Amino acid sequence: AVFEPNYLGDVLMTVPALRLLRAGFKDARITAVVSAGLSGALNGFADEFIERPAKMKFGDRITLLAKVRNQKPDIAVLFRTTFTGAAIAFFSGARVRAGVDTEFAAPFLTRAFHRGNPRLPFYSEYIELSRLAGATGQAENKLKVNIPEDAGIFADAVLKENGASGKTVIIISPGSS
């Protein structure tokens, strides 16, 4: 099981690490625990998805634990290392639990990554977490997104409708939202 961050950009930064996990564990079933609505961004990089609510109440945490535990994970990689995620990984029965050694999560981890100063870029940190979990091989730092065909057709239609078809389109995101 991999525990994904909450935001689309951060989720996409895990793609090189997911490719490394797939290369290192060719026969493994990779289940991504991801915020509701973000699983589509990881199509082709994970085999299954467990969606979690953005704001979790106590009952949501118990339900999430049951769903993760039912997967019977051998390894849990916490790209988003929180107390809740680390505790769920621990109680899921995963023998290997790799994450960042934050104050509250560290007791639940079997393999901890210590953030240096200066801090690594997120994608590099996620690759290191995959290596801590046991993945080997060369990691590609290229981000790749699998866009479903119907989404591509929709985007082409929107560009054409707005007179931008065939033109260079630049999109910026000045910050998290």
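Values in this document were obtained by computation on a predicted structure and should not be read as measured data. Index from 1, following the sequence.
- Note that the CZ atom of Phe91 and the CG atom of Leu65 stand 8.0 Å from one another [nearest 0.5 Å].
- Of all the heavy atoms in Pro73 and Ala1, the pair that sits closest is CB-N, 4.1 Å.
- Phe25 meets the ring-ring contact (aromatic ring centres under 6.0 Å, His included) test with no other residue; sequence neighbours excluded.
- Two residues are said to be in side-chain contact when any heavy atoms from C-beta on lie closer than 4.5 Å; Arg61 and Thr84 meet this criterion.
- Note: the hydrophobic cluster containing Leu12 does not contain Phe3 (ILVMFWY, side chain heavy atoms under 4.5 Å, direct or indirect links).
- Pro5 places a side-chain heavy atom less than 4.5 Å from the side chain of Tyr126.
- Here OG1 of Thr81 is found 6.0 Å from CG of Leu129. Values are rounded to the nearest 0.5 Å.
- Taking every heavy atom of both residues into account, Phe45 and Leu18 meet most closely at CB-CD1, 4.0 Å.
- Linking Ile, Leu, Val, Met, Phe, Trp and Tyr residues whenever their side-chain heavy atoms come within less than 4.5 Å places Met13 and Leu42 in a single cluster.
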Output side-chain donor-acceptor pairs under 3.5 Å for residues 150-163, partner residues at least two apart or in another chain, one line each.
from, atom 1, to, atom 2, distance (Å)
Asn162, ND2, Val158, O, 2.8

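- Considering only heavy atoms from C-beta on, Phe113 comes within 4.5 Å of Leu120 through its side chain.
- Grouping the Ile, Leu, Val, Met, Phe, Trp and Tyr side chains by contacts below 4.5 angstrom, directly or via other members, places Val2 with Val34.
- The CG atom of Leu78 lies 11.0 Å from the CZ atom of Phe108; values are rounded to the nearest 0.5 Å.
- Closest heavy-atom contact between Glu140 and Pro16: O-CB, 3.0 Å.
- Here the side chain of Arg29 pairs a donor or acceptor atom with the backbone of Gln71 at under 3.5 angstrom.
- Applying side-chain contact (heavy atoms from CB on, under 4.5 Å) to Leu20 and the options Thr136, Val15, Ile127 leaves one that passes, Ile127.
- Under the side-chain hydrogen bond (donor to acceptor under 3.5 Å, both in side chains) criterion, Arg22 pairs with Asp47, sequence neighbours left out.
- The cluster map of Ile, Leu, Val, Met, Phe, Trp and Tyr, joined by side-chain heavy atoms under 4.5 Å apart, puts Val68 and Phe49 in different clusters.
- At least one side-chain heavy atom of Asn6 sits less than 4.5 Å from a side-chain heavy atom of Arg52.
- Lys55 approaches Asp60 most closely through the heavy-atom pair O-OD2, 3.8 Å.
- Pairs engaging residues 122-138 under the salt bridge (Lys or Arg N to Asp or Glu O under 4.0 Å) rule: Arg115-Glu125, Arg119-Glu125, Glu128-Arg131 [sequence neighbours left out].
- Distance check: Ile50 CD1 to Lys67 NZ gives 7.5 Å after rounding to the nearest 0.5 Å.
- Here the OG1 atom belonging to Thr14 is positioned 10.5 Å from the CZ atom belonging to Arg19, to the nearest 0.5 angstrom.
- Atom CG in Leu21 sits 7.5 Å away from atom CD1 in Ile75 (nearest 0.5 Å).
- Take Phe104 and apply the ring-ring contact (aromatic ring centres under 6.0 Å, His included) test, not counting sequence neighbours, and it matches no residue.
- Under a hydrophobic-cluster definition in which Ile, Leu, Val, Met, Phe, Trp and Tyr are linked whenever side-chain heavy atoms come within less than 4.5 Å, directly or via other members, Val33 and Phe83 are assigned to the same cluster.
- Contacts classified as side chain to side chain donor-acceptor pair (under 3.5 Å) and involving residues 102-114 (residues at least two apart or in different chains) are given here: Asp101-His114.
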For a side chain to side chain contact (heavy atoms under 4.5 Å, CB included) check, start with the C-alpha distance between Phe79 and Ser130, then their side-chain angles and the critical distance, and finish with the verdict.
CA-CA 9 Å; Phe79 295 135; Ser130 294; 3.8 Å; yes
